Undergrad: 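Pasting a structure below so you can have a look.
Chain letters run A, B, ... following the sequence lines, proteins first, then strands; residues in each count from 1. These values consider heavy atoms only, across backbone and side chains, with no hydrogens, waters or symmetry-generated copies. Everything numeric here is computed off the predicted structure, so don't read it as measured data.
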2 protein chains.
Amino acid sequence: MPDVFQLLSDPTRRHLLEALRNGERSVNDLVERTRMSQPAVSKQLRLLKDSRMVALRRDGRKHLYSIRGEPFREASEWLGFYERFWRRSLARMDEILGTDTPRRKRGKA
Amino acid sequence: MPDVFQLLSDPTRRHLLEALRNGERSVNDLVERTRMSQPAVSKQLRLLKDSRMVALRRDGRKHLYSIRGEPFREASEWLGFYERFWRRSLARMDEILGTDTPRRKRGKA
DNA sequence: GCATAACATGCCTTGGAAGATATATATTCA
DNA sequence: TGAATATATATCTTCCAAGGCATGTTATGC
């Protein structure tokens with residue numbers, strides 16, 4: 001079972017996940033939103049399912065896929081460790097542009 | 001220039017990024033924390049630098065690498081679209097376990 | 001200038017992943 | 001039961017990325 005970032009690294013897989021943001025979709029729905037063959041889509045869905053990023057519900061001969069949030073959370077938490085780095089750079093830009101929100105008094109010029 | 005998730009998909013690259021959480025490190029510092037050769041580490045650092053995930057500062061013959069936050073932010077924002085999915089599943093677990101915080105009155109049982 | 005240290009780059013090899021095509025499986029309908 | 005629909009799986013090919021080794025480059029110290 002590969003890790004979450006590995007799964008997210010493929011643009012076509014991200015595209016599928018984006019298409020699932022508004023709720024469950026059938027395989028054909030998803031195929032129509034890509035330029036790939038149906039087997040290719042099914043293959044990627046399989047990988048996403050195996051790593052629990054999507055859930056599968058069967059309705060007749062339709063297979064409805066939907067997002068499962070937990071793995072995304074892991075990735076998000078990992079990225080959380082770097083939040084201070086981008087906040088820092090935003091603060092620097094604010095200083096340069098003089099557009100910072102004066103939350104606390106800063107050292108005088 | 002490959003995208004951020006692509007860069008994050010490699011475990012050794014993530015390992016390097018984790019080693020940089022506490023500040024800038026020289027190449028040798030980083031090599032000692034991995035089981036890879038120095039050229040392999042330099043290669044990955046190059047990729048991370050090209051995609052602006054790390055910055056390079058030269059001090060004599062030492063090359064000090066450090067985190068640049070912006071690209072991480074992009075990835076974090078993309079993942080933010082899935083936050084409601086993992087919150088939802090947490091809420092479900094709360095319901096099952098009866099440990100939910102009663103923020104608003106829920107439908108009667 | 002020469003030796004060494006600290007990195008970077010070039011080249012080569014290899015494993016794996018992604019997609020296409022063909023085929024198998026399951027479900028509905030006549 | 002047989003045909004059509006909806007999806008999964010199997011197999012094959014191709015491509016790329018990761019790592020190793022050898023070598024180039026830049027900086028320091030003598």
Undergrad: Out of D:dG19, D:dT28, D:dA22, which has the shortest distance to the side chain of B:Lys43?
TA: D:dG19
Undergrad: Within this structure, what is the CG-to-C1' distance between B:Leu64 and D:dT26, rounded to whole angstrom?
TA: 16 Å
Undergrad: Hey, which of these two, A:Gly60 or B:Leu45, hits DNA chain C nearer its 5' end, going by closest nucleotide?
TA: B:Leu45
Undergrad: To the nearest angstrom, how far is B:Arg46 atom CZ from D:dA18 atom P?
TA: 14 Å
Undergrad: Taking CE from B:Met36 and P from D:dA18, how many angstroms apart are they, rounded to a whole number?
TA: 10 Å
Undergrad: Any base atoms under 4.0 Å from A:Arg58, or only sugar-phosphate, or nothing? Heavy atoms, all strands.
TA: nothing
Undergrad: Rounded off to whole Å, could you give me the CD-to-C1' distance for the B:Gln38 and D:dT23 pair?
TA: 12 Å
Undergrad: Would you call A:Asp29 and A:Lys62 a salt bridge, taking side-chain N to carboxylate O under 4.0 Å as the test?
TA: no
Undergrad: Looking at A:Arg87 and A:Glu83, is any side-chain nitrogen of the basic one under 4.0 Å from a carboxylate oxygen of the acidic one?
TA: yes
Undergrad: What residues, two or more places apart in sequence or in another chain, satisfy salt bridge (Lys or Arg N to Asp or Glu O under 4.0 Å) together with A:Arg57?
TA: A:Glu24
Undergrad: Figure out the CD/P separation between A:Gln44 and D:dT9, and round it to whole Å.
TA: 13 Å
Undergrad: Rounded to whole Å, please give me the gap between CG in A:Asp29 and C1' in D:dT5.
TA: 15 Å
Undergrad: Whole-Å distance between D:dA18 C1' and B:Asp50 CG?
TA: 16 Å
Undergrad: Considering residues at least two apart in sequence or located in another chain, which fulfil the salt bridge (Lys or Arg N to Asp or Glu O under 4.0 Å) criterion with B:Arg46?
TA: B:Asp50
Undergrad: Check for a donor-acceptor pair, side chain of B:Arg14 on one end and backbone N or O of B:Leu8 on the other, with a separation under 3.5 Å.
TA: yes
Undergrad: For A:Tyr82 and B:Arg73, which I'm curious about, is there any donor-acceptor pair between the side chains at under 3.5 Å?
TA: no
Undergrad: In whole Å, I'd like the distance from the CG atom of B:Asp10 to the C1' atom of D:dA17.
TA: 9 Å
Undergrad: Between B:Asn28 and B:Ser26, do the side chains contain a donor N or O and an acceptor N or O under 3.5 Å apart?
TA: no
Undergrad: Using a cut-off of strictly less than 4.0 Å, decide whether B:Arg13 has a side-chain nitrogen or oxygen near OP1 or OP2 of D:dA17.
TA: no
Undergrad: Walk along DNA chain C from 5' to 3' and tell me the first and last nucleotide with an atom closer than 4.0 Å to a non-hydrogen atom of chain A.
TA: C:dA18 to C:dT28
